[in-house]
Visitor: 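What follows is a single structure, and I will ask about it in a moment.
Counting starts at 1 for both ligands and their atoms, following the listed order.
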Amino acid sequence: MSAGPRVVVIGAGIVGCALADELTGRGWTDVTMLDQGPLPRPGGSTGHAPGLVFQTNPSKTMTEFARYTVAKYSELSVDGQACYRPVGGLELATTPARWADLARRHGWATSWGVPSFLRSPEECARLHPLIDPDRILGGFHIPSDGLARPVLAAQAQADRATSRGARVLAGQRVTGIRQAGGAVTGVVTATGEFPADVVVCCAGIWGPLIGAMVGLTVPLVPMAHQYARTTPLPELAGLGEDADAAVSPILRHQEADLYFREHGDRVGVGAYGHRPMPLDPTEIGVASGTGGTGGTVELGAGDGTCELGVAGGADRLGVVGGGGEFGGSEELSGAGELGGAGGVYGARIEGVAELGGGAEPAIREFTPQDFEESWGAAVELLPSLGEAKVADGINGLFSFTADGMPLMGEHPGLRGFWTAEAVWITHSAGVARAVAEWLVDGQPATAVHGCDLNRFEAVQLAPSYVHTRSCRAFVEVYDILHPLQPAGEPRQVRTSPFYPRQQELGGWFSEATGWERPQWFEANAGLPEVRDVPARNDWASRYWSPIAGAEALVTRRRVAMYDMTPLKRVEVTGGAALPFLQALTTGQLDKAPGAVTYTLLLGPDGGIRSDVTVARLGDGEFQVGINGPLDVDWLRRHLPPDGPTNGSVQVRDITGGTCCIGLWGPAARDLLQPLTGLDLSSKEFGYFRARRGYVGDVPVTALRLSYVGELGWELYTSADAGARLWDTLWAAGQDHGVIAAGRAAFSSLRLEKGYRAWGVDMTAEHDPYEAGLGFAVRLGKGDFLGRDALVARKGAGPRQRLSCLVIADPAQVVMGSEPVYVQGRPAGYVTSAAYGYTTGQNIAYAWLPAAAAGPGTEVEIEYFGAAVPAVVTEEPLFDPGMTRLRS
Ligand code: FAD
Ligand code: THG
């Protein structure tokens, strides 16, 4: 068997070690892992993590990563010491809102296959004897959650990789990346060179520095997070002094931004309640005392934390021996080399393993005043802590991203350069497995679009954006977040040319990928249709207005203008544009100019990478309506290689330079025809056709299609003419009762029509047949990416099916990700949901096992702990005969 390509992994933290193990386990054994620090504690975040693994996450992918990490580390040990202990996880509620949210989290755990229970205060106190049951309303208990031993797990995986032929080298500080012809060729360290075909950056908080060596923005922010341990508690005396010993469940007290674990007879307290403490990666420094770092150890004092006095607050925390010991670093070897600003905690405790040890670039000095409030809340929850004191603590550094998700994938412009960054211990093995599959098999088995390095728009890579949003992610880490809750600053980063008009109409804006997007318009509050809109439950009524329902109704009754500008589009041009697109899509695109085709992009395994519309505007000219930056990345990656055909295909993102109004509704033709020389009759301008012309004096590309399932057109023009287009349509529309309508109405209408949203309803984990999109596949057209795998999957028959559910109670609108029970058993999960105003049906789409998904099947959706009855229903619910669209 070949050893595979030459792989260099940068960083021997838990992520690098897990990756080396996963790669070598798949037969890629020519793996060299480099770390600047000493082993097995090279000085990164891994050495400071207390190892709590709470698996439940709103993201299915993240939960799966955590499940795999639990399963894997449960099987690992070093010298008889287990790498994982399933002590269980207990998330506690002290407020009614949190209690309700724990029920929502129970729903996610159930949806993603993690068994869990809601427990009474007394049950919680039985599970964890330090809890005061009078302080809580209940708990969410996940028996398989627990404690990983990060350094041990890293070591176990590194050892296994080594046994398969990998090399792990300490004291090798990477200073440069070699490249040639758009691909990596090697890694340069302070003392050597390592040829490589694949380089994976697992450098944690240092990732941005490595990225900078290859012109790549690694959009993460190193942040300090406080973790402290108490003096011994008599109640825990039975556990002894081993800092790794623990029997009670790990705890989360999200209301106070706290988590807890046992360290033998002491308690470890983690706090997110403090102010964000971001750090510039250039200020982190490196571990000292090993070869290769030379004299280059540099630590800035710029994190702000070390300027703060420590003694004052320490007294109030009751720190052992007073505040002085917090500041003192003289007992720590290597501290001197770090020049005082090196994060060190003072008080050493005999018999308790060091949190860090040696020179520790990934910790900063504990700032007791930031911990004070947390300590108060900790004592309130666990009254026994009142007898104890804070013995030691750190401000430990790890990575935050704007959306809280990791950064996995390949550099967009340098082949062979990969990242696995911003990964918690919790997800480490799962992320590593996915990256290994991606490298070895060509794609991960798990849907990773939410973690893809290339998921961001350029504006989201601006340093200010990354910084502000990552700080916000820190602040919100334990907050109860509503799926429609608008993002904070920075806002108004991207606005369509219609934005001033939308503001005048009282648009209520949310943000996505930098765009301001109106959800509904207060100007429509006076529509009589508002009265026809049913009320909904408290959670679903947040960030929502009945006006949205009225906008949906008006779209079906008259006509509405939708701002479709944020829906991305690319221009694909050149002599080879047609064969290029043919090879990447499931549809037949070889049609005369003027045709529009709804088609799919598949991965090599036949999973859906995206669904797109391809408008052929000329022989070698296509406009492709896509779903996001990953589609641009996908198309670019598949461009024909340099050579004689170079330049025969160009892919250009035209989103920002153009804009689009969706003019939809039964009166759309009557409104538009007088404004244009185009003949809008169905005979001359049929469904799924494209034409160029003018609307008033605005040049447009008009596509006759509609994501809301109504007669009408998408009207594209250049951004400069957008305001003119809006005004022209608006003025002419007054006689037809035109309104501006927002995203909320849009979502309801598309679900009534059964149109899937990629990334929500279907992902790379699903094939077209399961997703109900078999109609978009032309197996007979010739070869295309994913075709062979798809043929096999078709033959095997669908395992699961995207199913349309109708909920009996109109008020019980659900939001997505809720578990669906068939015959009392968890069987699937909701993807998207909306009330259908025109059909009067409360809709939820859900993945269900194919065998259980037939129409008429009665199911229950778990919503905040309540069972909401629903029925699998034939789809689409609205206009199955397509009379509206084709009228
Ligand atoms: P690291 O462990 O930092 O490894 C990166 C490695 O890259 C380092 O060893 C570094 O030396 C090396 N490196 C960097 N630059 C270079 C270079 N130029 N050349 C060579 N080598 C280089 N997560 C959880 O899931 N549960 C928890 O309970 C938890 N608690 C935490 C508590 C604290 C106080 C902290 C600080 C973090 C906690 N985390 C927790 C987060 C977790 O520790 C990190 O997310 C995780 O360890 C990151 O692992 P990594 O391998 O990516 O990074
Ligand atoms: N408009 C344009 N491009 C897009 C979207 C869009 N690309 C991304 C995303 N949205 C793609 N999603 C859809 C989903 C459904 C339809 C169009 C885009 C659609 N489907 C018809 C149907 O299923 O009845 C297709 C009929 C056919 O194939 O003839 O219209 O909103 N420009």
Visitor: Going by the order shown, which atoms of ligand 1 are within less than 4.0 Å of some heavy atom of Gly11?
Guide: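 Within the 4.0 Å cut-off of Gly11, ligand 1 contributes 6 (C), 7 (O), 12 (C).
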Visitor: Where does the angle between the aromatic ring planes of Tyr707 and Tyr755 fall among parallel (under 30°), tilted (30 to 60°) and perpendicular (over 60°)?
Guide: tilted
Visitor: Provide, to 0.1 Å, the distance between atom 37 (C) of ligand 1 and the closest protein heavy atom, together with that atom's residue and name.
Guide: Phe398 CD2, 3.4 Å
Visitor: Within the distance-only criterion (no hydrogens, no angle test), does the side chain of Thr655 pair as donor or acceptor with the backbone N or O of Arg569 below 3.5 angstrom?
Guide: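 Yes: the side chain of Thr655 pairs with the backbone of Arg569.
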Visitor: Who's the nearest protein heavy-atom neighbour of atom 28 (O) of ligand 1, and how far?
Guide: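 Minimum-distance protein heavy atom for atom 28 (O) of ligand 1 reads Leu52 N, 2.9 Å.
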Visitor: Could you check whether Tyr598 and Phe688 have their ring centres less than 6.0 Å apart?
Guide: no
Visitor: Side-chain donor-acceptor pair under 3.5 Å between Thr367 and Gln226, yes or no?
Guide: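 Yes.
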Visitor: Are any of the N/O atoms in Asp35 less than 3.5 Å from those in ligand 1?
Guide: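 Yes; the residue has a nitrogen or oxygen that sits under 3.5 Å from a nitrogen or oxygen of the ligand.
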Visitor: Give yes if a backbone or side-chain nitrogen or oxygen of Ile14 is under 3.5 Å from a nitrogen or oxygen of ligand 1, and no if not.
Guide: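 It does: an N or O of Ile14 is found under 3.5 Å from an N or O of ligand 1.
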Visitor: If we count only N and O atoms by modelled type, under 3.5 Å, do the side chains of Arg750 and Ser832 hold a donor and an acceptor together?
Guide: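 Judged by distance alone, the side chains do pair up.
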Visitor: Should one rank Thr426, Leu39, Val423 by closest heavy-atom distance to atom 48 (C) of ligand 1, which comes out on top?
Guide: Val423
Visitor: Going by distance only, is there an N or O of Thr46 that falls short of 3.5 Å from an N or O of ligand 1?
Guide: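 For ligand 1, there is an N or O atom that lies under 3.5 Å from one belonging to Thr46.
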Visitor: Return yes if a side-chain donor-acceptor contact under 3.5 Å exists between Gln157 and Tyr73, otherwise no.
Guide: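 Yes.
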Visitor: Examine the proximity of ligand 1 to Glu421 and report which part, side chain or backbone, both or neither, has a heavy atom under 4.0 Å away.
Guide: neither
Visitor: At what distance, to the nearest 0.5 angstrom, does CG of Asn57 lie from CH2 of Trp424?
Guide: 8.5 Å
Visitor: Roughly how far apart are Arg517 CZ and Arg743 CZ, rounded to 0.5 Å?
Guide: 4.0 Å
Visitor: Assess whether a salt bridge exists between Glu22 and Lys72, defined as any Lys/Arg side-chain N lying under 4.0 Å from an Asp/Glu carboxylate O.
Guide: yes
Visitor: Can you pull out the closest protein heavy atom to atom 1 (P) of ligand 1? Residue, atom name and distance to 0.1 Å, please.
Guide: Ser45 N, 3.6 Å
Visitor: Establish, for the pair Arg252 and Phe54, whether the NZ or CZ atom is under 6.0 angstrom from the six-membered ring centre and no further than 45 degrees off its axis.
Guide: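 So Arg252 does make the cation-pi contact.
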Visitor: Mark up the atoms of ligand 1 that fall under 4.0 Å of a heavy atom belonging to Pro42, in ascending order.
Guide: 9 (O), 11 (O)
Visitor: So is Gly270 touching ligand 1 or not, going by heavy atoms under 4.0 Å?
Guide: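 Gly270 does not count as a contact of ligand 1 under the 4.0 Å cut-off.
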Visitor: Please report whether ligand 1 has a polar contact with Ala420, defined as an N or O pair separated by less than 3.5 Å (distance criterion only).
Guide: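 No, Ala420 has no N/O under 3.5 Å of an N/O on ligand 1.
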Visitor: Can you pull out the closest protein heavy atom to atom 33 (C) of ligand 1? Residue, atom name and distance to 0.1 Å, please.
Guide: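 Its nearest protein heavy-atom neighbour is His225 CD2, 3.6 Å.
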Visitor: For the pair Asp611 and Arg756, find out whether any cationic side-chain nitrogen is under 4.0 Å from an anionic carboxylate oxygen.
Guide: no
Visitor: Look only at the side chain of Lys591 and the backbone of Arg616, and say whether a donor-acceptor pair between them is shorter than 3.5 Å.
Guide: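 Answer holds: no.
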Visitor: Note the single closest protein heavy atom to atom 21 (N) of ligand 1, along with its residue, its atom name and the distance in Å.
Guide: Gln36 N, 3.0 Å
Visitor: Taking the six-membered ring for Trp, are Phe400 and Phe398 closer than 6.0 Å centroid to centroid?
Guide: yes
Visitor: For ligand 1, find out whether one of its N or O atoms is nearer than 3.5 Å to an N or O atom of Val174.
Guide: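 Such a contact does occur with ligand 1.
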Visitor: Report, in ascending order of atom number, the atoms of ligand 1 lying under 4.0 Å from any heavy atom of Ala203.
Guide: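 Counting from 1, the qualifying ligand atoms are 5 (C), 7 (O), 14 (C), 15 (N).
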Visitor: If the plane angle is over 60° it's perpendicular, under 30° parallel, otherwise tilted; pick one for Tyr272 and Tyr259.
Guide: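 Rings of Tyr272 and Tyr259: tilted, as their planes differ by 30° to 60°.
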Visitor: Using a strict cut-off of under 4.0 Å between a residue heavy atom and any atom of ligand 2, list the qualifying protein residues by chain and number.
Guide: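 Contacts of ligand 2 under 4.0 Å: Leu567, Tyr598, Asp611, Thr613, Gly625, Ile626, Asn627, Tyr687, Phe688, Leu705, Tyr707, Glu714, Tyr716, Tyr755, Phe775, Met882.
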Visitor: Have a look at Ala271, Ala228, Ala49, Ala362 and point out the one with the heavy atom closest to atom 29 (C) of ligand 1.
Guide: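 It is Ala49 whose heavy atom sits nearest to atom 29 (C) of ligand 1.
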Visitor: Checking a contact table here: which protein heavy atom is nearest atom 4 (O) of ligand 1, and how many Å away?
Guide: Gly13 CA, 3.4 Å
Visitor: Distance under 4.0 Å to a non-hydrogen atom of Gln172: what atoms of ligand 1 satisfy this?
Guide: 19 (N), 20 (C)
Visitor: Which residue holds the protein heavy atom closest to atom 50 (P) of ligand 1, what is that atom called, and what is the gap in Å?
Guide: Val15 CG2, 3.7 Å
Visitor: Would you please determine whether Pro50 falls within less than 4.0 Å of ligand 1 on a heavy-atom basis?
Guide: yes
Visitor: Apply salt bridge (Lys or Arg N to Asp or Glu O under 4.0 Å) to residues Lys568 and Asp631 and explain how you reach the verdict.
Guide: CA-CA 9 Å; Lys568 277 181 88 73; Asp631 292 345; over 6 Å; no
Visitor: Ignoring hydrogens and geometry, is there a side-chain-to-backbone donor-acceptor pair from Glu421 to Ala203 under 3.5 Å?
Guide: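 Answer holds: yes.
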Visitor: Has Ser682 got a side-chain atom pairing as donor or acceptor with Ser887's backbone, closer than 3.5 angstrom?
Guide: yes
Visitor: What do we get for Cys202 next to ligand 1 when only non-hydrogen atoms under 4.0 Å count, side chain, backbone, both or neither?
Guide: backbone
Visitor: Is there a donor in the side chain of Gln55 and an acceptor in the side chain of Thr426, or the other way round, less than 3.5 Å apart?
Guide: no
Visitor: Just to be sure I'm reading this right: ignoring hydrogens, which of Phe54, Tyr259, Phe400, Trp206 gets closest to atom 14 (C) of ligand 1? Compare them by their nearest heavy atoms.
Guide: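 Result: the heavy atom closest to atom 14 (C) of ligand 1 is in Trp206.
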Visitor: Enumerate the atoms of ligand 1 whose separation from the nearest heavy atom of Gly396 is less than 4.0 angstrom.
Guide: 36 (C)
Visitor: Could a heavy atom of Ile205 be found less than 4.0 Å from some atom of ligand 1?
Guide: no
Visitor: With heavy atoms of Leu397 as the reference, note each atom of ligand 1 found under 4.0 Å away.
Guide: 36 (C)
Visitor: Enumerate the atoms of ligand 1 whose separation from the nearest heavy atom of Ile210 is less than 4.0 angstrom.
Guide: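 The list of qualifying atoms is 17 (C), 18 (N).
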Visitor: Quick one: look at Thr189 and ligand 1, take heavy-atom pairs under 4.0 Å, and tell me if it's side chain, backbone, both or neither.
Guide: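 Under 4.0 Å from ligand 1, Thr189 contributes no heavy atoms.
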Visitor: Using side chain to side chain contact (heavy atoms under 4.5 Å, CB included), reason through Thr32 and Gln172 one step at a time and then give a plain yes or no.
Guide: CA-CA 11 Å; Thr32 305; Gln172 292 285 352; over 6 Å; no
